[in-house]
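Below, chains carry the letters A, B, ... as their sequence lines are ordered, and counting in each starts from 1.
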There are 2 protein chains.
Amino acid sequence: MDEIDRNLTVALQLDGSAGLAELAKVAGLSVSATAERVKRLEERGVIRGWRADLDPAQVGCPLLAHVLAAVAPGREDASFRKAVRRQEAVLECHAVTGSWTYLLKLRLPDLAALDQFLNEELRLLPGVQRVETLLTIATVKESSILPVAPADPEE
Amino acid sequence: MDEIDRNLTVALQLDGSAGLAELAKVAGLSVSATAERVKRLEERGVIRGWRADLDPAQVGCPLLAHVLAAVAPGREDASFRKAVRRQEAVLECHAVTGSWTYLLKLRLPDLAALDQFLNEELRLLPGVQRVETLLTIATVKESSILPVAPADPEE
DNA sequence: ACTGAAACCACGACATA
DNA sequence: TATGTCGTGGTTTCAGT
């Protein structure tokens, strides 16, 4: 993971359809050396895959909501996690510090779907004690581009 | 945006490197008709771009944190938004309902970077009144695959 | 709007340094 | 680990339905 790899990962996040010729220019390498690098990044798992980046509104999921959930510790926790992973509407679920246990990110078609998720799915899960919903009014920024960190000595 | 388009968008989210031949099978169309559809989806902005999906940890951003911020309403709000958009570490920023104004999602190299962001960037912004940080201990689910909604009559 | 074929270009393997 | 060449295969375009 040197300077060149970092440049490649940045470029590939911005435009994964670039093509090796263009990438080679960015990297300052030949096309085949660039191809080799990209293949390595995939093999090492640095690149996990290639995705089309879709407009949520245009695929019928204009609503964004975050949900804070307090879940009782213990055995029930595992079943909560499993249930959450099965839900398509749940894009993210993180165990967090603070007075809440989990923070979920949801994409939904409309408020009816949110209501249904909260009352017919989430609240019914064992161990769920308290739920708070933060509905998104406006999105100021939403990016999937990770800030690739500069060199870390211990590599 | 018919059934075929929806199938294509789902497939392209899962694997954007699939190739038209494979996609054509999914769509049940010829290769060139499939190519046409994908091009249209791009032109209409349904597909916003093509991205390499990276492993955050491997590009030096293992830390995930969410920040709730209460910001005074008024003119200062615009400068808050502008500042937040400039910050690479801020992957998302949403104006939300409830007792907080904004919810931010951050990717960072380490706690030092988080400390620096909170104290030397966020808290210094005009109008910021209160800040609460939710550090992610474990990620249960993190997906960028939108749940493409089935047919909406009014299209 | 979809099909099929032809032209073209980009990718991937190989031999070399 | 990088380079350049060559062969293959996929993408693009075009004429036809």
> Could you check how far CZ of Arg40(A) sits from P of dG12(C), rounded to whole Å?
15 Å

> Assess whether a salt bridge exists between Glu3(B) and Arg6(B), defined as any Lys/Arg side-chain N lying under 4.0 Å from an Asp/Glu carboxylate O.
yes

> Can you find a pair of side-chain heavy atoms, one from Ile145(B) and one from Arg51(A), that are under 4.5 Å apart?
yes

> Is it true that Lys39(A) and Glu36(A) have a side-chain N and a carboxylate O under 4.0 angstrom from each other?
no

> Round to a whole Å and report the spacing from CD of Glu36(B) to P of dG4(C).
15 Å

> Looking at Glu142(B) and Arg107(B), is any side-chain nitrogen of the basic one under 4.0 Å from a carboxylate oxygen of the acidic one?
yes

> Return no unless some side-chain N or O of Arg37(B) is found under 4.0 Å from OP1 or OP2 of dC2(C).
yes

> Once you round it to whole Å, what is the distance between P of dC11(C) and CG of Leu20(A)?
4 Å

> Sorted by first residue and then second, give each salt bridge (Lys or Arg N to Asp or Glu O under 4.0 Å) pair with at least one member in residues 86-99 of chain A; sequence neighbours left out.
Glu92(A)-Lys105(A), Glu92(A)-Lys105(B)

> Lys25(B) has an atom NZ; how far is it from atom P of dT3(C), in whole Å?
16 Å

> If you take atom types as modelled and just measure distance, does the side chain of Ser32(B) reach the base of dG4(C) with a donor-acceptor pair under 3.5 Å?
yes

> Can I get a per-line list of side-chain donor-acceptor pairs under 3.5 Å for residues 108-116 of chain B, giving both atom names and the distance, sequence neighbours left out?
from	atom 1	to	atom 2	distance (Å)
Asp110(B)	OD1	Ala112(B)	N	3.2
Asp110(B)	OD1	Ala113(B)	N	2.9
Asp115(B)	OD1	Asn119(B)	ND2	2.7

> Nucleotide range of DNA chain D contacted by chain B, 5' to 3', under 4.0 Å to a heavy atom?
dT11(D) to dT13(D)

